[in-house]
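In what follows, a single structure is set out as structure tokens and then discussed.
Residue numbers begin at 1 in each chain, while the letters A, B, ... track the order of the sequences.
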There are 2 protein chains.
Amino acid sequence: MSTAEPTIVTKRLRADAVRNRAKVLDAARAAFAERGAEAQMEDVARRAGVGVGTVYRHFPTKQALGEALVEERFDGTIAFVRTLLDDEPDPWRALERCFEHCAATQANDRAWAAALASMAGGTIAGPREHQMRELLALEDRLLARARAAGVVRDDLVVADMPALFCALASVVQAGVVDWRRYLELLLDGLRPLPR
Amino acid sequence: MSTAEPTIVTKRLRADAVRNRAKVLDAARAAFAERGAEAQMEDVARRAGVGVGTVYRHFPTKQALGEALVEERFDGTIAFVRTLLDDEPDPWRALERCFEHCAATQANDRAWAAALASMAGGTIAGPREHQMRELLALEDRLLARARAAGVVRDDLVVADMPALFCALASVVQAGVVDWRRYLELLLDGLRPLPR
DNA sequence: ACCTGAACACCGTTCAAGT
DNA sequence: ACCTGAACACCGTTCAAGT
């Protein structure tokens, strides 16, 4: 039951290596946002202006490169939900804004949408398990507030969230004409029973 | 605005070709159900006991082979919804059983779940467009009944269905612990407003 | 006509040679 | 220490040779 943060071993890198790593990440962000898992390593290298070997020096596999980008997105989402807990007094509005933020970021990033669709859907275990648990812990607080205020159905629990995130992510990812309409249906569906 | 059924050109096949085609389809059903798009053509050939070339003789690409299997699933689903319209007098129960049938079949077939997640989500256009439209036409009748009976929110329209199918499919596909719970939330969410 | 499987193409990954 | 890109492996697809 360790609560240790994941160990980050920041080896001192040579100046050119630091620059290259950043260029690879920039290129990868663009490539993965556009094409999701279909992004090609050769293309990432080309966009970054480095050889493929350099991409692999910084990230052992394509999978790992994708994970690094997803990790950034998780950080952003976790930070956003924290600000909701701190600054959004309306418990319903906070829940709404959380889902909306996820969807909006996913609309511009296929890999992020795909990651949340499969992560949230599958077992939580995996490379991003720690962040997923952290995000869910924050969601739990959003939900507790909402239940206490009576603005959501009282049987709604944090264990329901992964499926909801998965569902929303796949609708956004699929490029449905209007994910906002689906979000509306999803959110209305969380309201107290019976209608 | 042609209403012609898709032309089926059933060339007379040699007896061994008929057998091989069936063996390929059987093998492909198993492989695609288990592994979805990750199924391998070499593996399909091996399971079928034929050479890869034979698989390609009957289906020009892996994509096309997958489509053939999805086509079967659509036929099954369309037939099922027709029986609902004929035999299920309770309009709410009919809607419920329709979603449940989709989810249950998807739970045993990764390729089918993936197909519905991306088809229903993306633009309807594509190889299965005709079947998708047919299915949606049937859904439209289910919905019309349900609205008339006042058992669903009155702003729920058939255009909302693709997103709902997409969402459900991805939750089932992702192997979430309990897609039945998500289905419950989804269905409750379709009930008349305000709660 | 139809079948087979070796050969080819594409893309993820490695590694010997360079700076 | 880090970079490069040719070479290798894997899997989708083709096609010359067989029945």
Side-chain angles (χ1 to χ4, degrees), chain A residues 8-70 110-111 114-115 118 126-127, chain B residues 8-70 110-111 114-115 118 126-127:
Chain A
I8 311 214
V9 208
T10 346
K11 286 189 309 203
R12 192 168 300 284
L13 293 177
R14 225 166 62 179
D16 59 340
V18 173
R19 272 193 306 275
N20 279 336
R21 187 170 217 281
K23 284 194 289 181
V24 166
L25 275 170
D26 287 344
R29 260 188 292 268
F32 278 75
E34 278 173 33
R35 323 229 298 130
E38 288 171 7
Q40 294 178 202
M41 294 299 266
E42 190 64 52
D43 182 48
V44 170
R46 198 167 25 243
R47 293 193 201 219
V50 300
V52 242
T54 301
V55 177
Y56 279 92
R57 162 160 281 265
H58 291 285
F59 303 95
T61 61
K62 174 171 154 175
Q63 171 85 18
L65 178 52
E67 301 264 0
L69 302 175
V70 169
R110 281 182 60 184
S118 69
Chain B
I8 311 217
V9 209
T10 345
K11 286 189 309 203
R12 192 168 298 285
L13 293 176
R14 224 167 61 181
D16 59 339
V18 173
R19 273 193 306 275
N20 278 336
R21 189 171 215 282
K23 284 194 290 183
V24 167
L25 276 170
D26 286 344
R29 259 188 291 269
F32 279 75
E34 279 172 31
R35 323 229 299 130
E38 288 172 7
Q40 294 177 202
M41 293 300 265
E42 190 64 52
D43 182 47
V44 170
R46 198 167 25 243
R47 293 192 201 220
V50 301
V52 242
T54 300
V55 176
Y56 279 92
R57 162 161 280 265
H58 291 285
F59 303 94
T61 61
K62 174 172 154 175
Q63 171 85 19
L65 178 52
E67 301 265 359
L69 301 176
V70 169
R110 282 183 60 183
S118 71

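- With a 4.5 Å cut-off on side-chain heavy atoms, A/Phe59 and A/Glu67 do not count as touching.
- Of the two residues contacting DNA chain C, namely A/Gln40 and B/Asp16, the nearest-nucleotide position lying further toward the 5' end is that of B/Asp16.
- Mapping B/His58 and A/Glu38 onto DNA chain C by nearest heavy atom places B/His58 closer to the 5' end of the strand.
- Taking atom CZ of B/Arg46 as the reference point, atom P of D/dG12 lies 11 Å away to the nearest angstrom.
- Taking atom CZ on A/Arg19 and atom C1' on D/dA1, their separation rounds to 14 Å, with Å as the unit.
- Taking atom CE of residue B/Met41 and atom C1' of nucleotide C/dC10, one finds them 16 Å apart after rounding to whole Å.
- Taking only side-chain nitrogens and oxygens, B/Asn20 comes nearer than 4.0 Å to OP1 or OP2 of C/dC3.
- Among the duplex regions that DNA chain C forms, those built from at least three successive Watson-Crick or G-U pairs under 3.5 Å are C:4-8 with D:12-16, C:12-16 with D:4-8, ordered by first number.
- Contact of the B/Arg29 side chain with the B/Asp26 side chain is registered, since non-hydrogen atoms from C-beta on lie closer than 4.5 Å.
- In this entry the distance linking CG of B/Asp43 with C1' of D/dG12 reads 14 Å, nearest Å.
- Rounded to whole Å, atom P of D/dG12 lies 4 Å from atom NZ of B/Lys62.
- One atom, NZ of A/Lys23, and another, C1' of D/dC2, lie 13 Å apart when rounded to the nearest Å.
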Measure all distances between protein nitrogen or oxygen atoms and nitrogen or oxygen atoms of nucleotides 7-9 of chain C, and list the pairs falling under 3.5 Å.
none

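- Among the atoms of the strands shown, only primed sugar atoms or phosphate atoms (P, OP1, OP2) are found under 4.0 Å from some heavy atom of A/Ala39.
- In this structure, B/Leu65 atom CG and D/dT13 atom C1' are separated by 13 Å, rounded to whole Å.
- Although no hydrogens or angles enter the test, the distance criterion places no donor-acceptor pair under 3.5 Å between the side chain of A/Arg14 and the main chain of A/Ala17.
- The distance from atom CZ of B/Arg57 to atom P of D/dT13 is 17 Å, rounded to the nearest whole Å.
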